[in-house]
Asks: 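Questions regarding the structure given below will be posed in turn.
Letters A, B, ... mirror the listed sequences (proteins, then strands); counts begin at 1.
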Protein chains: 2
Amino acid sequence: MAQKVKLSTIAEALGLSTATVSLALRDSPLVAEVTRERIKAEAIASGYIYNRRAASLRTSKSGIVGVCVHDIMNPFFGEILIAIEHELDRHRQTFILSNHYDNLSKQRSFVDTMLQLGADGLILSPAIGTPASDLELAEGNSLPVVLIARTVEGSDAGSFRGDDSIGMAMLVRALIAEGHRSIAMVGGTSKTSTGRLREAGYLHALAEAGIEFRPEWRIAGPRGRHSGFDAAETFVRIAERPTAVCCFSDLVALGFMYGLSRAGLRPGIDVAVAGYDDIDEAAIATPPLTTVANGQKEVGRRAASALLARLGGTAFAETEELIVPELRMRQSSGFDWNARPDLK
Amino acid sequence: MAQKVKLSTIAEALGLSTATVSLALRDSPLVAEVTRERIKAEAIASGYIYNRRAASLRTSKSGIVGVCVHDIMNPFFGEILIAIEHELDRHRQTFILSNHYDNLSKQRSFVDTMLQLGADGLILSPAIGTPASDLELAEGNSLPVVLIARTVEGSDAGSFRGDDSIGMAMLVRALIAEGHRSIAMVGGTSKTSTGRLREAGYLHALAEAGIEFRPEWRIAGPRGRHSGFDAAETFVRIAERPTAVCCFSDLVALGFMYGLSRAGLRPGIDVAVAGYDDIDEAAIATPPLTTVANGQKEVGRRAASALLARLGGTAFAETEELIVPELRMRQSSGFDWNARPDLK
DNA sequence: CTGAAAGCGCTTACAG
DNA sequence: CTGAAAGCGCTTACAG
């Protein structure tokens with residue numbers, strides 16, 4: 001390791017030119033097979049390390065895809081990210097992952113870094129308040145952008161996600177079918193498209209069934225486990241407590257169920273609870289969580305494929321059709337009417 | 001955005017040299033203030049994007065730090081990563097995050113990519129089976145490595161982590177103090193230093209109290225929520241069922257508690273359960289989880305500081321001292337002896 | 001099938 | 001305080 005090994009080191013050792021070495025290392029048919037083998041052997045023997053920065057400077061391709069979401073620790077994104085990773089790996093793209101925590105300036109500095117590194121593409125779950133011009137800045141500097149989970153108003157960047165309003169409406173309809181006439185919604189914010197659409201689905205299903213919505217049923221805000229937990233405190237203080245609660249996400253629902261228990265209420269018995277996303281944990285939770293499968297894997301796979309197609313210059317291989325949500329009924333919504341004879 | 005703007009574009013527009021522009025943009029005192037302001041204004045006006053690849057090729061500094069752990073979705077790592085991110089952000093280093101899923105060849109390809117991109121440093125939670133030579137390869141190519149959570153035998157790479165054996169021993173002693181004489185340990189593997197050390201602490205505390213360890217008490221393997229859930233099935237089939245269980249991690253414990261409930265046993269009442277790590281969720285879980293605080297924030301902060309110090313050429317600012325664990329007693333370990341009169 | 005030469009966009013001594 | 005020139009390590013036409 002005394003001296004850094006570069007193409008020219010190999011070339012000199014073998015009495016060849018750097019051009020030949022470069023071609024051989026990338027399996028060009030232009031180089032005779034014997035020569036290629038000699039070169040590869042020498043590269044390994046000498047501990048050669050390919051300098052991507054130099055190559056990238058020359059070719060203006062970096063093999064890097066940037067991925068930025070609110071929170072990589074959120075299992076919802078985790079499942080999407082695994083699918084993206086899988087897809088990008090297959091195409092030997094390096095991916096750079098980051099959180100923006102819904103902080104616009106963090107997201108901007110990420111996009112900036114990607115621009116500076118010459119990333120080939122971007123997959124974004126846009127931070128709250130992302131203006132279309134931010135996406136145009138990237139696109140304008142030949143950095144294609146694909147969106148996941150959320151949309152950005154006024155932008156024509158493709159977005160891959162589930163059908164949030166339909167999904168939430170399906171869920172609320174199912175709760176109504178179980179006999180519930182007072183249903184709260186916990187979590188989510190109107191600042192995101194996801195929040196707006198799920199709330200719209202909730203309100204739509206209520207209206208459709210002729211149930212009059214009451215403002216105190218809507219506890220907006222929570223988007224994580226901890227804030228879901230805290231929301232239970234607000235919930236138990238509602239004068240005429242709803243018999244069912246649909247949450248913005250599974251994470252919120254799981255935290256909310258912890259909060260109900262803490263308050264002495266049994267989820268699934270005293271209060272019906274439902275989540276959204278069907279993350280891995282939902283099926284094993286206590287009680288198992290009723291939720292809506294939101295196609296995370298499909299979202300990740302399609303977004304990555306769409307981006308790769310754009311990089312390859314191919315026409316959009318993937319459609320932007322919304323992924324159709326599926327209901328997962330489990331015990332958390334199995335409200336026990338016998339426990340509340342007053343409501344019968 | 002018609003033509004790509006580079007240093008020379010700005011230089012020409014202003015009738016200056018690229019050298020001056022380059023210096024001005026990096027706030028060199030060598031450039032007169034008026035000139036600097038003119039240059040900066042022009043850079044912004046023209047939409048100039050700094051090309052880091054070019055700069056990095058020239059300076060052989062990339063401003064990139066690679067971070068690779070088994071699973072970024074694991075909240076244990078999540079908490080470490082936040083601390084690392086915070087520390088690196090302050091020093092304007094870009095960090096590239098990746099999972100290796102304890103797959104050695106994934107880890108190798110990550111290290112390789114970092115080498116190719118000319119990363120300045122690496123923070124690694126080494127995959128199972130990582131040989132010291134893998135770390136030497138990186139170091140030998142001037143890529144400094146700092147370890148978190150685990151150690152690598154035969155390597156002198158600094159490792160930042162909690163004192164696993166002491167922590168687990170403390171926990172088991174506490175369970176013994178509550179009156180338990182039969183304590184199982186669920187999860188973890190002897191293939192990692194963490195697994196070996198926590199098991200050693202467990203065995204040590206038993207021996208110390210004169211309790212004879214029984215092989216069926218040790219359910220090795222699980223390291224995630226789902227496998228913790230599955231382990232409960234094995235646990236309930238133990239002939240003389242232990243009254244307490246200490247788990248390899250909080251994630252395992254949380255899954256295990258779900259599993260116990262599924263099997264009809266009440267965690268904290270029928271079986272005392274404890275975790276390890278004190279992740280955020282532990283305190284709000286049902287029941288709240290007894291565990292050991294493992295200093296994730298401190299691990300992340302120290303590891304990042306140590307790496308940055310090495311990059312800066314400073315002597316190691318952070319010591320490699322193990323972080324002292326702290327007990328967090330909560331209700332999950334509050335076994336109700338009255339529920340099992342046979343054991344009194 | 002192989003080589004010589006230019007150039008990607010920066011930064012860094014070195015002059016002036 | 002500013003400029004001319006070399007060079008980081010690749011790849012890519014272009015010759016031969």
Asks: Not counting sequence neighbours, list each pair that qualifies as a salt bridge (charged side-chain N to carboxylate O under 4.0 Å, His left out) and has a residue in residues 108-130 of chain A.
Replies: A/R108-A/D134
Asks: Would you mind listing every side-chain hydrogen bond (donor to acceptor under 3.5 Å, both in side chains) that reaches into residues 28-43 of chain B, with sequence neighbours excluded?
Replies: B/D27-B/K40
Asks: Measure the distance from CZ on A/R53 to P on C/dG9 and round it to the nearest whole Å.
Replies: 17 Å
Asks: Measure from CG on B/L16 to C1' on C/dC10 and round the result to the nearest Å.
Replies: 17 Å
Asks: What residues, two or more places apart in sequence or in another chain, satisfy side chain to side chain contact (heavy atoms under 4.5 Å, CB included) together with B/L143?
Replies: B/M114, B/L115, B/A119, B/L122, B/A138
Asks: Do nucleotides 11-16 of chain C as a string where each nucleotide becomes B, S or -: B if the base has a protein heavy atom under 4.0 Å, S if just the sugar-phosphate does, - if no protein is that close.
Replies: BB----
Asks: I'd like to check the side chain to side chain contact (heavy atoms under 4.5 Å, CB included) partners of A/S133; sequence neighbours left out, ordered by chain and number.
Replies: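 Once residues adjacent in sequence are excluded, the partners of A/S133 under the side chain to side chain contact (heavy atoms under 4.5 Å, CB included) criterion are A/P131, A/E136.
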Asks: Please give me every residue in residues 37-44 of chain B whose heavy atoms get under 4.0 Å of an atom in DNA chain C, ordered by residue number.
Replies: none
Asks: With salt bridge (charged side-chain N to carboxylate O under 4.0 Å, His left out) as the rule and sequence neighbours excluded, what pairs involving residues 139-150 of chain A come up?
Replies: A/D102-A/R150, A/E139-A/R310
Asks: Answer whether the closest heavy-atom distance between the side chains of A/I123 and A/I84 falls below 4.5 Å.
Replies: yes
Asks: Taking only Lys NZ, Arg NE, NH1 and NH2, and the carboxylate oxygens of Asp or Glu, determine whether A/R161 and A/E298 approach each other closer than 4.0 Å.
Replies: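 Salt bridge between A/R161 and A/E298, a charged N being under 4.0 Å from a carboxylate O: no.
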Asks: Checking all strands, does B/S56 fall into the base, sugar-phosphate, or nothing category for heavy-atom contacts under 4.0 angstrom?
Replies: nothing
Asks: Counting only side-chain heavy atoms from C-beta out, which of C/dT2, D/dG9, C/dC10 sits nearest to B/Y48?
Replies: C/dC10
Asks: Starting at CZ of A/R36 and ending at P of C/dC1, how long is that distance when rounded to a whole Å?
Replies: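 A/R36 atom CZ is separated from C/dC1 atom P by 9 Å.
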Asks: Mind calculating the distance between CG (A/L57) and C1' (C/dG9) to the nearest angstrom?
Replies: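 A/L57 atom CG is separated from C/dG9 atom C1' by 6 Å.
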Asks: Between A/S17 and C/dG3, is there a side-chain N or O to OP1/OP2 distance below 4.0 Å?
Replies: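 For C/dG3, OP1 or OP2 has a side-chain N or O of A/S17 closer than 4.0 Å.
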Asks: Partners of A/H70 by ring pair (Phe, Tyr, Trp, His ring centres under 6.0 Å), sequence neighbours excluded?
Replies: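 In terms of ring pair (Phe, Tyr, Trp, His ring centres under 6.0 Å), with neighbours along the sequence ignored, A/H70 is linked to A/F77, A/H100.
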Asks: B/L14 has an atom CG; how far is it from atom C1' of D/dC1, in whole Å?
Replies: 15 Å
Asks: Please tell me which of the listed nucleotides, C/dG9, D/dG3, C/dT2, lies nearest to the side chain of A/T20?
Replies: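 Of the options given, the side chain of A/T20 lies nearest C/dT2.
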Asks: From CG of B/N51 over to P of C/dG7, roughly how many Å is that when rounded to an integer?
Replies: 18 Å
Asks: Touch check for B/S60, heavy atoms < 4.0 angstrom, all strands: base, sugar-phosphate only, or nothing?
Replies: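 No contact.
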Asks: In residues 112-122 of chain B, which residues come under 4.0 Å of DNA chain D by heavy atom?
Replies: none
Asks: Whether the side chain of A/N294 engages the backbone of A/Q296 through a donor-acceptor N/O pair (distance < 3.5 Å, no angle test) should be reported.
Replies: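 No; judged by distance alone, with no hydrogens or angles, the pair does not exist.
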Asks: Return the set of residues passing side chain to side chain contact (heavy atoms under 4.5 Å, CB included) with B/L147 (not counting sequence neighbours), or none when no residue passes.
Replies: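 Applying side chain to side chain contact (heavy atoms under 4.5 Å, CB included) to B/L147 gives B/L124, B/P126, B/L135, B/V145, B/V152, B/A157, B/S159.
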Asks: Restricting to pairs with a member in residues 9-19 of chain A, which pass side-chain hydrogen bond (donor to acceptor under 3.5 Å, both in side chains), not counting sequence neighbours?
Replies: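 Those involving residues 9-19 of chain A are A/S17-A/T20.
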Asks: Please check: side-chain N/O of A/Q107 versus main-chain N/O of A/A127, any donor-acceptor pairing under 3.5 Å?
Replies: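 Between the backbone of A/A127 and the side chain of A/Q107 there is a qualifying donor-acceptor contact (under 3.5 Å).
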Asks: Between B/I10 (CD1) and C/dG9 (P), how many Å, whole number?
Replies: 13 Å
Asks: What closest approach, in Å, do B/I10 and B/S46 show between heavy atoms, and which atom pair accounts for it?
Replies: CG1-OG, 4.2 Å
Asks: Is any side-chain heavy atom of A/I128 less than 4.5 Å from a side-chain heavy atom of A/L104?
Replies: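 Not in contact.
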Asks: For DNA chain C, what are the stems built from at least three Watson-Crick or G-U pairs in a row, each pair having both distances below 3.5 Å?
Replies: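 So the stems come out as C:1-3 with D:14-16, C:5-12 with D:5-12, C:14-16 with D:1-3.
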